[in-house]
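Each chain gets a letter, A, B and so on, in the order its sequence line appears, and its residues count up from 1.
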Amino acid sequence: MIDLQLLRQQPEIFREALRKRGEDIALVDEILAADEARRKILAELEALRNQRNTASKEIGKMKEDAAREDAKARARVVNEKIDAREKEIAEVEPRLRALVAEHPNIPAPDVPIGKDETENVIIKSFGKPRDFDFEPRAHWDLGPALGILDFERGIKLAGSRFFVMSGAGAKLQRALLQWLLDFHIAQGYREFQLPYLVKEDIMFGAGQLPKFRDNLYRDYERDAWFVPTAEVPLTGLHAGEILNAKNLPLNYTAYTPCWRKEPMSAGKDVRGIKRVYQFDKVEMYKYCLPAESAKELENLLNDAIATVAALGFTYRVKILCTGDLGFSAHKTYDIEVWSPGVNEWLEVSSCSNVGDFQARRSNIRFRREAGAKTEFVHTLNGSGLGVPRTMIAILENNQQKDGSVAVPEVLRERAMNRVALCLFRTASRAKRCASKLSRRKKISRADEL
RNA sequence: GGAGGGGUCGCAUAGCCCGGUCUAGUGCGCCCGCCUGCUAAGUGGGUCUAGGGGGUUAUACCUCUAGCGCGGGUUCAAAUCCCGCCCCCUCCGCCA
């Protein structure tokens, strides 16, 4: 949520923000008009209420019945005026609130201007795509061949864009999740286990509602929404609270499943597990002092980069331009890893400084010292990492000529088991195992444990 | 799901039966000061949030409005009366 008082004083800041994002600046004037209307009515309403309160007190002291009845009659007339004003404000106020809630965050000054994702700027890249002496296969071929990925049954169970993982694949994914969490804990984040459903106001507070209503799964019987990312409950965690400045920054991490309807990408990325309706993700989250958020974004980004580096990926980092910047974001970096099967850069992490945008919506504040005025904290969020896309990159980058996949070094200890070891280990080991397996004609069904 | 109890300004509580004297009292904590030669006691004051208006370079400050779990209703007037809902506690029932 933007600062309405700031908009009132300096509307040009907000027109500039909308212009940079390629959105209609008319929103600013609509807000100003609604705000002015509200304040005008409010002033009249409050004057009338004051009049009534004063009259009521006098009535309370009156002894004489006739005078009392007369005063009551007069008060009733005032009440009629109050009712009329209340009706007016009941119309204007929600409209103003809705308009303000629609306004996106202001991009940071150093966010490059651009119209869409084609104008994002690569600021860093690391590694070179691996050379293959064979044609690398896509995960939608590799996975089923290894017997660890099952699209048909995912569709049978839940429809398109759902999938099933099993055996060594399931175990590898579990190893990945655990490793990511432990990695972030070692980086100084506190792990949380959170509800995967949240109330509507929590969704609003994180900036998901009302704008992304169509993206969200919902329990209509209860006021409950399925989280599209752990960022939502991690924001809601301190909603309405006043934090102690001494405890900032708070560094949190959490695994949650994420549910997204993806109506905007119908027909896009339909194959494989790049874009699915339910996926797993480990998220990092920070609450910090306003002056620290720019620095903390760099810390967050580095913490996320450390994960892709440890997994041995070829990656690059982009800063999103104003046209591609998310609704709630002040500044965002995306981390993309190269994956040779799908032959593209996969966005596995998005790290954003949200500034006070979510803190305002969720009413999360802090005091610099006892008795000081409350101020809004800044919040940041970053994936570390999105699991299906990381799995794609692991499978496709570590594939061997024989169809086996080497498990990344950092996951080996956790992912080890007897059969999976044959499929997922070092190249030489995989080769030996693979030949053994092919003799047993089990290469396509090596998922038993 | 059933029965009962509860939700009040950081914490603990009073106020509710019987509407106005509630500008929500008191204790603790916290802040500022005084006193006492020393982390104790005493003593005076302050101490919620949001919004509007005034005021200021900016604070401070002044003033009004709203808020006693949430939402409605009755009334000139609601913490107080009525209705609906939510949450917590105790007990019972049912079920992983």
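- When the P atom is used for both B:U80 and B:G67, the distance is 10 Å, rounded to whole Å.
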Starting at the 5' end of nucleotides 62-87 of chain B, put B wherever the base has a protein heavy atom under 4.0 Å, S where only the sugar-phosphate does, and a dash everywhere else.
--BBS---------BS----------

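- The aromatic rings of A:F163 and A:F151 are tilted relative to each other, their planes meeting at an angle between 30° and 60°.
- Base pairing annotation: B:C48 forms a Watson-Crick or G-U wobble pair with B:G67, both donor-acceptor distances under 3.5 Å.
- Taking the P atoms as reference points, B:C30 lies 15 Å from B:U39, given to the whole Å.
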Check the pair A:R49 / A:E86 against salt bridge (Lys or Arg N to Asp or Glu O under 4.0 Å), numbers first and verdict last.
CA-CA 11 Å; A:R49 280 179 176 160; A:E86 278 178 345; 2.9 Å; yes

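- When the C1' atom is used for both B:A66 and B:C9, the distance is 14 Å, rounded to whole Å.
- In terms of modelled atom types and a separation under 3.5 Å, the side chain of A:H330 and the main chain of A:S352 share no donor-acceptor contact.
- Rounded to the nearest Å, the gap between the P atom of B:G27 and that of B:A14 is 15 Å.
- At the heavy-atom level, A:R8 lies under 4.0 Å from the strands shown only through sugar-phosphate atoms.
- Near-neighbour residues of RNA chain B inside residues 30-43 of chain A, defined by a heavy atom below 4.0 Å, number-ordered: A:R38, A:R39, A:L42.
- For the pair A:K261 and A:Y217, the distance from NZ or CZ to the six-membered ring centre is under 6.0 Å and the angle to the ring normal is within 45 degrees.
- When both pairing distances are held under 3.5 Å, B:C11 makes a Watson-Crick or G-U pair with B:G27.
- The pair A:K295-A:E298 does not meet the salt-bridge criterion, since no charged nitrogen lies less than 4.0 angstrom from a carboxylate oxygen.
- Using atom P as the reference point in both B:U47 and B:C62, the two lie 10 Å apart (nearest Å).
- Taking 4.0 Å as the cut-off between side-chain N and carboxylate O, A:E102 and A:K211 do not count as a salt-bridged pair.
- Pair check for B:C35 finds none; no Watson-Crick or G-U wobble contact set falls under 3.5 Å.
- Computed from coordinates, the A:R85 CZ to B:G52 P distance equals 19 Å when rounded to whole Å.
- Note: CE (A:M1) to C1' (B:A50) measures 13 Å, nearest angstrom.
- For the P atoms, the distance linking B:C68 with B:U63 amounts to 23 Å, nearest Å.
- Within 4.0 Å (heavy atoms only), A:Q5 reaches sugar-phosphate atoms of the nucleic acid but no base atom.
- With salt bridges taken as basic N to acidic carboxylate O contacts below 4.0 Å, one links A:K274 and A:D269.
- The CZ atom of A:R97 sits 12 Å away from the C1' atom of B:G51 (whole-angstrom rounding).
- Rounded to whole Å, the distance from CD1 on A:I89 to P on B:G51 is 14 Å.
- The gap from the C1' atom of B:G15 to that of B:U8 amounts to 9 Å, rounded to the nearest Å.
- The gap from the P atom of B:G45 to that of B:G25 amounts to 14 Å, rounded to the nearest Å.
- In this structure, A:R218 fails the cation-pi test against A:F226, since its NZ or CZ atom is not both closer than 6.0 Å to the six-membered ring centre and inside 45 degrees of the ring normal.
- Salt bridge present: A:K40 and A:E44 bring a charged side-chain N and a carboxylate O closer than 4.0 Å.
- Searching all strands for a Watson-Crick or G-U wobble partner of B:A79 with both distances below 3.5 Å returns nothing.
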Assess the residue pair A:S328 and A:N105 against the criterion (side chain to side chain donor-acceptor pair (under 3.5 Å)); give the C-alpha distance rounded to whole Å, side-chain angles, the decisive distance to 0.1 Å, and a yes or no.
CA-CA 5 Å; A:S328 301; A:N105 202 350; over 6 Å; no

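- Residue-level contact check: A:R365 touches the backbone only, with heavy atoms under 4.0 Å from sugar-phosphate atoms and none from bases.
- Under the Watson-Crick and G-U wobble criteria, each requiring two contacts below 3.5 Å, nucleotide B:A60 is left unpaired.
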